[in-house]
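One structure below.
Residue numbers run from 1 in the order of the sequence given. Side-chain atoms are counted along with the backbone in the values below, which use heavy atoms only and exclude waters and symmetry mates.
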Amino acid sequence: MTESTNMEIDHIFIFSNNDGKEADKLVEFGLTEGSNRIHPGQGTTNRKFYFENFFLEVLWVIDEAEIRSDLTSKTKLWERSQFHKNHFSPFGLCLVNSKLTDKLFEQSQIYQPNYFPKGMSIDIITNEKNANLPWTFRLPYRGEKKVHNEPTNHKNGIRKLTHTEFEMPSNKDEKEFKTYFKSCENIKFKNGQRNHLTLEFDNKSQKKEMEFNELNLIIKY
């Protein structure tokens, strides 16, 4: 297995059910919080935590009319935000736009959000028919991540994401999506009883883990 078979993760979002207050636990855990932003026209805002090779985003709705508008409703982000009622997965998986992701996104939809310059769009796989799968997307920046000046030093010493696992209830139609990841060592999908995310950092060098129940998240480091 060579490193080139791994799809690189740009970031992962987790929808909040409490106006982003769940992120306070991440700060208490020793993560340094980065910037936040409002997404005009999409009706969402966020809190973010940056690491050497990816960032984690806690996302929530601040304008229901915007997220349910003609522009945004096709994304099914509103349905994702209602995960506590409809059992959709609250997770979004953003992959770095590279050749390795081209086949996955061949049949994807195009989303042109208001907060992107005209002509710049996001390739999205809403997975609405397989709602236990993460909302999956890639940004228009080909082969690279957008440059940032965000803090990446954390009190708990966590530095780099090394493995990601999505746990979800089994669905007979999910196999096609998963086949695109069969050669990836860094991204795995596991059948289980819940929608849950495990993020492993630094190859678990500290041999510790922390659970964040409100975010359906475990961090191993």
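- Listed here is the closest heavy atom pair of S108 and D123: OG-CB, 3.7 Å.
- A donor-acceptor contact shorter than 3.5 Å is absent between the side chain of T164 and the backbone of I187.
- Considering only heavy atoms from C-beta on, R80 comes within 4.5 Å of N127 through its side chain.
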Exercise. Does the pair S35 and E150 meet the rule for a side chain to side chain contact (heavy atoms under 4.5 Å, CB included), with working shown?
Worked result: CA-CA 7 Å; S35 65; E150 300 283 352; 2.5 Å; yes

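- E66 places a side-chain N or O within 3.5 Å of a backbone atom of G43 that can act as its donor or acceptor partner.
- Remark: R47 engages D24 in a salt bridge, criterion side-chain N to carboxylate O under 4.0 Å.
- With sequence neighbours excluded, the residues satisfying side-chain contact (heavy atoms from CB on, under 4.5 Å) with T162 are E200, N203.
- Looking at N130, its side chain never comes within 3.5 Å of a backbone N or O of L133 through a donor-acceptor pair.
- Residue R68 holds its CZ atom at 12.0 Å from CG of D63, rounded to the nearest 0.5 Å.
- Using a 4.0 Å cut-off between charged side-chain N and carboxylate O, E33 and K48 make no salt bridge.
- Residues passing the salt bridge (Lys or Arg N to Asp or Glu O under 4.0 Å) test with E165, sequence neighbours excluded: none.
- Residues in residues 208-221 take part in no side chain to side chain donor-acceptor pair (under 3.5 Å) pair, two or more places apart or across chains.
- Note that NZ of K85 and CG of N17 are 8.5 Å apart. Values are rounded to the nearest 0.5 Å.
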For this session: Show your working on side chain to side chain contact (heavy atoms under 4.5 Å, CB included) between W60 and T45 and close with a plain yes or no.
Result: CA-CA 6 Å; W60 69 99; T45 189; 3.4 Å; yes

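- No more than 12 heavy-atom neighbours from other residues, nucleotides or ligands sit within 6.0 angstrom of CG on N153.
- A donor-acceptor contact shorter than 3.5 Å links the side chain of N156 to the backbone of I158.
- Scanning all heavy atoms of the two residues, the minimum distance from T5 to C184 falls at O-SG, 3.6 Å.
- Within the 4.5 Å cutoff, the side chain of N195 has heavy atoms near those of the P169 side chain.
- In this structure, the side chain of S73 engages the main chain of S69 through a donor-acceptor pair within 3.5 Å.
- Residues meeting the side-chain hydrogen bond (donor to acceptor under 3.5 Å, both in side chains) test with T75, sequence neighbours left out: none.
- Under the ring-ring contact (aromatic ring centres under 6.0 Å, His included) criterion, the residue pairs touching residues 101-121 are H39-Y115, with sequence neighbours excluded.
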Show the atom names and distances, to 0.1 Å, of all donor-acceptor pairs under 3.5 Å that link a side chain in residues 87-99 to residues at least two apart or in another chain.
from : atom 1 : to   : atom 2 : distance (Å)
S89  : OG     : F91  : N      : 3.2
N97  : OD1    : R138 : NH1    : 3.4
N97  : OD1    : R142 : NH1    : 2.7
N97  : ND2    : L139 : O      : 2.9
S98  : OG     : L100 : N      : 3.4

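- By the rule that hydrophobic residues join a cluster once side-chain heavy atoms approach within less than 4.5 Å of another member, L31 and L197 end up as members of one cluster.
- Separating the CG atom in L199 from the CE atom in M210 is a distance of 14.0 Å, to the nearest 0.5 Å.
- No donor-acceptor pair under 3.5 Å is formed between the side chain of N46 and the backbone N or O of N36.
- I12 is connected to I219 through a chain of hydrophobic side-chain contacts under 4.5 Å among Ile, Leu, Val, Met, Phe, Trp and Tyr, so both are in one cluster.
- Remark: side-chain polar atoms of H154 are paired, donor with acceptor, to backbone N or O of T32 under 3.5 angstrom.
- Between H11 and F137, the ring-plane angle classifies as perpendicular under the 30° and 60° cut-offs.
- At distances below 3.5 Å, at least one donor-acceptor pair connects side-chain atoms of E22 with backbone N or O atoms of N18.
- Minimum heavy-atom separation, S81 to F15: CB-CE2, 3.6 Å.
- By the criterion of side-chain heavy atoms lying less than 4.5 angstrom apart, applied directly or through intervening Ile, Leu, Val, Met, Phe, Trp or Tyr residues, L104 is not grouped with W135; the two fall into different hydrophobic clusters.
- In this structure T179 satisfies the side-chain contact (heavy atoms from CB on, under 4.5 Å) test with no other residue, sequence neighbours excluded.
- The two residues K74 and I110 make their nearest non-hydrogen contact at NZ-O, 3.0 Å.
- Heavy-atom neighbours of K204 NZ from other residues, nucleotides or ligands within 6.0 Å: at or below the threshold of 12.
- In this structure, the side chains of P113 and I122 come closer than 4.5 Å at one or more pairs of heavy atoms.
- Clustering of Ile, Leu, Val, Met, Phe, Trp and Tyr side chains at separations under 4.5 Å places Y50 together with F55.
- For the ring-ring contact (aromatic ring centres under 6.0 Å, His included) test, residues two or more places apart in sequence or in another chain that qualify with F212 are F29.
- Considering OG1 of T101 and CE of M7, their distance stands at 6.5 Å, rounded to 0.5 Å.
- With F166 as the partner, the ring pair (Phe, Tyr, Trp, His ring centres under 6.0 Å) test is satisfied by one option alone out of F189, F181, F177: F189.
- The backbone N or O of N6 lies less than 3.5 Å from no partner atom in the side chain of E185, so there is not a single donor-acceptor pair.
- Note: L77 CG to L59 CG = 7.5 Å, rounded to the nearest 0.5 Å.
- The environment of CG in N149 is sparse: at most 12 heavy-atom neighbours from other residues, nucleotides or ligands sit within 6.0 Å.
- By the salt bridge (Lys or Arg N to Asp or Glu O under 4.0 Å) test, E79 is found to be paired with no residue, residues two or more places apart in sequence or in another chain being considered.
- Legend: residues meeting salt bridge (Lys or Arg N to Asp or Glu O under 4.0 Å) with K178, ordered by chain and number and at least two apart, are E174.
- Transitive grouping of hydrophobic side chains (ILVMFWY, heavy atoms separated by less than 4.5 Å) keeps F13 and L26 in distinct clusters.
- Contact between S121 and P140 at its shortest, heavy atoms only, is O-CD, 3.4 Å.
- Ring geometry, F51 versus F54: the interplanar angle falls under 30°, so the pair is classed parallel (tilted spans 30 to 60°).
- Side-chain heavy atoms closer than 4.5 Å link hydrophobic residues (I, L, V, M, F, W, Y) into clusters, and following such links, even through other members, never connects I67 to I14.
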Exercise. Please walk me through it: do L217 and L56 pass side chain to side chain contact (heavy atoms under 4.5 Å, CB included)?
Worked result: CA-CA 11 Å; L217 171 68; L56 179 63; 4.2 Å; yes

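- Of all the heavy atoms in Q112 and G119, the pair that sits closest is OE1-N, 3.2 Å.
- Atom NZ of residue K182 and atom NZ of residue K175 lie 13.5 Å apart, to the nearest 0.5 angstrom.
- Residues passing the side-chain contact (heavy atoms from CB on, under 4.5 Å) test with N114, sequence neighbours excluded: L71.
- Counting only distance, with no hydrogens or angles, the side chain of N186 and the backbone of H163 share no donor-acceptor pair below 3.5 Å.
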